[in-house]
Amino acid sequence: MPAETLPPDVRDALEASRADRGAFGEPLYFYPAIGSTNDAAARLAEAGAPEGTTVVAEEQTAGRGRSGRSWFSAPGAGLYVSVIIRPDAASTVPGGSFRKMGSGTEFHILPSEIGLLTLAAGVALATAVREATGLQPNIKWPNDLLCGHRKLAGILAEASATGAGLDAIVVGFGINVRQVAYPADLADRATSIEAELGRPIDRGLLLARALARLSAVREALRRGETAAVLDQWRRLAPSAAGRPVSWTGTAGERRGITAGIDQDGALLVDTDGARERIIAGEVIWR
Ligand code: BTN
């Protein structure tokens, strides 16, 4: 499906933010409806599209979430965006492995640079939501944005790997913008920016801030400012320390108290007498 002309609100906000965004959003492909923006971005990456290339859709008919879930992507309800990031030539994936998800590849193990990028994307998105709307979502490990217990936004980072090399990372994010009738299984768990604020927001500005913040954290990681990005993440994620959680380990359900993240972005959890390191999957707040 060919990309279409940008809606005026998105076009104006992108023009106004050109200096803040670096290469992010350049070029930007806009689709009224598409299967998954992550798939479209992965195809562009395979065809050689540069870092910063962005795909935005008004609706996704096959939006994907983490862990094989679908992502509710009704027309006009949210922002559905995917951005191509090119790993540095020197990047390796020590101990990393990937799990095929649809046409992309979801990170199964958090190899340090990629894991850090997914946390950094959470920092970027949380900051962008605050800047564009005044709302202050918290991050739930690894990178869900929540208001209270309800999910506002999610991030799906997928790798495009050919042979031994990691060619591209597609960072896809979905932000619930407008209050809509959610499917029954989401009704108690999802929220939107406009439901939280009780007023309409400028989604073009939100997109522009998200691209600007993604560009900023990408450059920070490239400059080696990992510790600063992780500190930002910790400030935005109060539940990462001192919160009772459960998760499914190899031996079934485990419970413990969160004890922060390590330098690779893994979640630390204190259980009976031991500290565990969670590198993938879902934790449930207790
Ligand atoms: C999650 O499960 O929290 C991650 C949700 C990610 C959804 C976004 S919407 C844009 C991009 N395209 C997709 O198919 N998924 C991501």
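Order of listing sets the numbers, starting from 1, for every ligand and every atom in it.
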| Judged by atom type as modelled, is there a donor-acceptor pair below 3.5 Å linking the side chain of Ser17 to the main-chain atoms of Asp20? | no
Are [X] and [Y] close enough for a salt bridge, meaning some N to O gap below 4.0 Å?
X      : Y      : result
Glu46  : Arg43  : no
Glu26  : Arg18  : yes
Glu253 : Arg286 : yes
Arg203 : Glu194 : no

Within a distance under 4.0 Å of any heavy atom of [X], pick out the atoms of ligand 1 and give their elements.
X      : result
Ser36  : 12 (N), 13 (C), 14 (O)
Gly65  : 1 (C), 2 (O), 4 (C), 5 (C)
Gly174 : 7 (C), 8 (C), 9 (S)
Gly63  : 14 (O)

| Member of Val217, Leu214, Leu236 meeting the side chain to side chain contact (heavy atoms under 4.5 Å, CB included) criterion with Thr127 |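 Considering Val217, Leu214, Leu236, a side chain to side chain contact (heavy atoms under 4.5 Å, CB included) with Thr127 is found only for Leu236.
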| request: Give the contacting part of Ser67 toward ligand 1: side chain, backbone, both or neither, where contact means a heavy-atom distance below 4.0 Å. | output: neither
| Using a heavy-atom cut-off of under 4.0 Å, does the side chain or the backbone of Asp144 touch ligand 1, or both, or neither? |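 For Asp144, only side-chain atoms sit under 4.0 Å from ligand 1.
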| query | Does Thr37, backbone or side chain, put an N or O under 3.5 Å from an N or O of ligand 1? | reply |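 Right, the criterion is met.
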| said: Heavy atom to atom 12 (N) of ligand 1, shortest distance: which of Glu282, Lys140, Gln60 holds it? | reply: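 It is Gln60 that holds the nearest heavy atom.
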Name the closest protein heavy atom to [atom], giving the residue it belongs to and the distance to 0.1 Å.
atom                    : result
atom 2 (O) of ligand 1  : Arg66 N, 2.7 Å
atom 15 (N) of ligand 1 : Arg64 O, 2.7 Å
atom 5 (C) of ligand 1  : Trp71 CE3, 3.3 Å
atom 3 (O) of ligand 1  : Lys151 NZ, 2.5 Å

| If you link I, L, V, M, F, W and Y whenever their side-chain heavy atoms are under 4.5 Å apart, who else ends up in the same group as Tyr182? |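 Other cluster members: Phe72, Val180, Leu186.
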| task | Please say whether more than 12 non-hydrogen atoms of neighbouring residues, nucleotides or ligands are located less than 6.0 Å from CG in Asp185. | result | yes
